[in-house]
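Labels below follow one simple rule: chain letters A, B, ... track the order of the sequence lines, proteins then strands, and each chain is numbered from 1.
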Amino acid sequence: MRIVEETPYRFRIDRTGAMRVPGIVFAARSLLPAAEGDEALTQVANVATLPGIVTASFAMPDVHWGYGFPIGGVAATDIDDGGVVSPGGVGFDISCGVRLLIARDADRSALAPRLGPLMDRLGHVVPRGMQTRGVWELPNRTVLHEVLEGGARFAVQQGHGVVRDLERCEDRGVLDGADPAAVSDRAVERGLGQLGSLGSGNHFLEVQAVERIFDPDTARPMGLDVGTVCVMIHCGSRGLGHQICTDHVREMGKAMGRYGIHVPDRQLACVPVRSPEGEAYLGAMVAAANYGRANRQLLTEAARRVFEDTAGTTLDLLYDISHNLAKLERHEVDGRLRTLCVHRKGATRSLPPRHPDVPADLVDVGQPVLIPGTMGTASYVLAGIAGNPAFYSTAHGAGRVQSRHRAARHTDGRAVRDALESHGVLVRGSSWRGLAEEKPQAYKDIDAVTEVSERAGLARRVARLVPLGVVKG
DNA sequence: ATGTCC
C-alpha cells in the first residue's frame with residue numbers, strides 16, 4: 001500500500017485491487033501511523049471496497065485501529081446505487097457522543113474554593129463503570145420504547161431538562177425512524193436499567209475551564225470566554241447499543257452472500273441500505289441513537305442539580321453531538337445531489353455556517369464541534385466550516401496510540417490519579433485498571449489533532465478547555 | 001465500547 005502526500009495535511013492511498021475509491025487521510029507526518037502495513041490504514045483501504053462508496057474512504061487526524069472500520073473513519077455510500085450500511089462503520093457504542101454545558105453565573109476563580117465538594121457530589125451521583133444502574137431505571141418496556149422513539153425530547157417531556165436543551169441537540173435530540181421491533185429482547189433487557197450512566201473506558205464527565213480563545217467572534221455567541229466553567233459529558237448507549245451491534249453484525253454476516261457482497265474483512269459485514277436487513281439495522285441503530293441522547297440528557301440533569309446545590313449556578317447546553325452514527329444525508333457528488341448513508345465512526349459531523357440544521361442562534365458561526373482530549377489533557381470546541389471535503393466531518397478525540405492492554409501493563413491507576421492531582425486535576429474514578437488504561441500517554445496529542453484538523457480544512461478552532469476535575473467511567 | 005466469550 002502506497003501513501004502519497006498530497007499536501008502536508010492530506011494523504012492519499014491510491015486505488016488497488018478491489019478498492020472502488022481512494023483512501024484520503026487528513027493528518028500530518030507526526031500523526032500518521034508508520035505507513036506501510038499499519039492496521040488503521042489497511043482498514044481505510046478495506047472500507048474503500050464497500051459497494052456504493054462514493055468519493056473516498058476518509059480518515060480523520062485521530063484515526064486508529066477499530067472493529068472493521070478504523071476509528072476516525074468516514075464513509076458515504078449512495079443508497080440508490082447499491083450503497084451499503086455496515087454496523088462496523090458506526091461502532092459498538094452506537095451514538096457515543098459528547099455534550100458541553102456552560103456554567104452561567106460562576107467563572108473559574110469563583111468556583112475554585114468549592115471545587116472539592118463539587119467533585120465529591122458529582123462523584124457520588126454520577127453512575128459509572130461496568131454493569132451499573134442508571135439514574136433513571138425504567139419501570140417497563142413501554143417506557144423504554146418511548147425512549148427509543150423519543151430520545152432526549154422524551155426525556156425533556158418527562159421533566160428531565162428544559163425545552164431550550166433540545167434546540168442545542170443534534171436533530172433536536174431525536175432521530176425519526178426508530179424501530180423498536182428491530183431491537184432484540186436481550187438489548188431491551190440490557191437497556192432497562194442503564195439510562196443515565198457513563199459506562200467505562202474513555203467515557204467521562206469533566207468539569208473544565210476555557211483556557212484560550214482562538215476565534216472571539218465565534219466564541220462570543222457560543223457563550224465561551226477565558227475562565228468560563230464548562231461540563232463535558234462523554235458517553236454512549238451502553239449495553240443496549242452494544243447488543244444491537246452484535247445482533248445485526250451476526251444477521252448481516254449471514255445475509256451478505258445473498259446480495260453478492262464480498263468484503264476483505266468479515267468485520268466489514270454489510271448489506272444494501274435498501275434491503276430488509278439494512279432497514280432493520282438502521283431502525284435499531286436509530287433507537288440506540290435516541291437512547292444515547294436520552295442518556296446524556298439524564299446525566300445533564302444530575303450534573304445540574306449538583307451545580308445548583310453546590311455552586312449556585314445553572315448549566316446551559318452549548319451542544320450535543322454524536323460521533324458514532326450512520327445518517328442518511330443529501331450531498332452533491334460529481335455534480336449530482338444524492339442520498340448518501342454517511343458512516344461516521346469516531347468522527348464528528350461539522351456543519352458550516354448557514355446550514356439549515358445548525359441551531360438558529362448559531363447559524364452565522366456554524367455548528368459547535370466538540371472534541372474531548374483524554375483525561376487530564378485539554379479538550380476543544382471547534383466550528384464547522386464551508387468547504388469541508390469529508391461530508392462535513394472532523395476528528396472526535398485524541399485517538400489511541402497504545403491498546404488498553406499495553407497502556408495498563410506497567411501502570412498502576414493510583415499513579416495516574418496522583419499525577420493528575422499533582423497537576424491540580426481532581427479525579428473521581430471507577431476502577432484503578434480503568435484509570436491505567438486511560439492514562440494520557442496512551443493517546444495522541446489533542447493539541448496536534450485539533451491543529452491539524454484546522455490546517456486540513458475540516459473545521460476551525462474556537463476554544464481550548466482544560467480539566468479541573470474528572471469523573472471517570 | 002461491552003454483564004471485557006453464549
Touch check for [X], heavy atoms < 4.0 angstrom, all strands: base, sugar-phosphate only, or nothing?
X: G241(A); value: nothing
X: G239(A); value: sugar-phosphate
X: E437(A); value: nothing
X: G236(A); value: nothing
X: R186(A); value: base

Given atom [atom1] of [X] and atom [atom2] of [N], what is their separation to the nearest angstrom?
X: R128(A); N: dT2(B); atom1: CZ; atom2: P; value: 14 Å
X: E189(A); N: dT2(B); atom1: CD; atom2: C1'; value: 17 Å
X: H203(A); N: dT4(B); atom1: NE2; atom2: C1'; value: 14 Å
X: R238(A); N: dT2(B); atom1: CZ; atom2: P; value: 5 Å
X: Q131(A); N: dC5(B); atom1: CD; atom2: P; value: 13 Å
X: Y291(A); N: dT2(B); atom1: OH; atom2: P; value: 11 Å
X: R433(A); N: dT2(B); atom1: CZ; atom2: P; value: 15 Å
X: R406(A); N: dT4(B); atom1: CZ; atom2: P; value: 26 Å

Next item on the list: Go through the steps for Y259(A) and S275(A) under the test side-chain contact (heavy atoms from CB on, under 4.5 Å), then give the verdict.
Entry: CA-CA 9 Å; Y259(A) 298 104; S275(A) 70; 3.4 Å; yes
Next item on the list: May I ask you to evaluate whether S200(A) reaches the phosphate of dT2(B), defined as a side-chain N or O under 4.0 Å from OP1 or OP2?
Entry: yes
Item checked: Distance test, side-chain N/O of R404(A) to OP1/OP2 of dT4(B), below 4.0 Å -> no
Next item on the list: Please name all residues satisfying salt bridge (charged side-chain N to carboxylate O under 4.0 Å, His left out) with E277(A), sequence neighbours left out, ordered by chain then number.
Entry: R258(A)
Check: Counting heavy atoms not belonging to R460(A), are there more than 12 under 6.0 Å from its CZ?
Finding: yes
Note to self: Does atom CG (D176(A)) have a neighbourhood of more than 12 heavy atoms from anything else shown, all under 6.0 Å?
What the structure shows: no
Check: Between the side chains of R133(A) and Q194(A), does any donor sit under 3.5 Å from an acceptor?
Finding: no
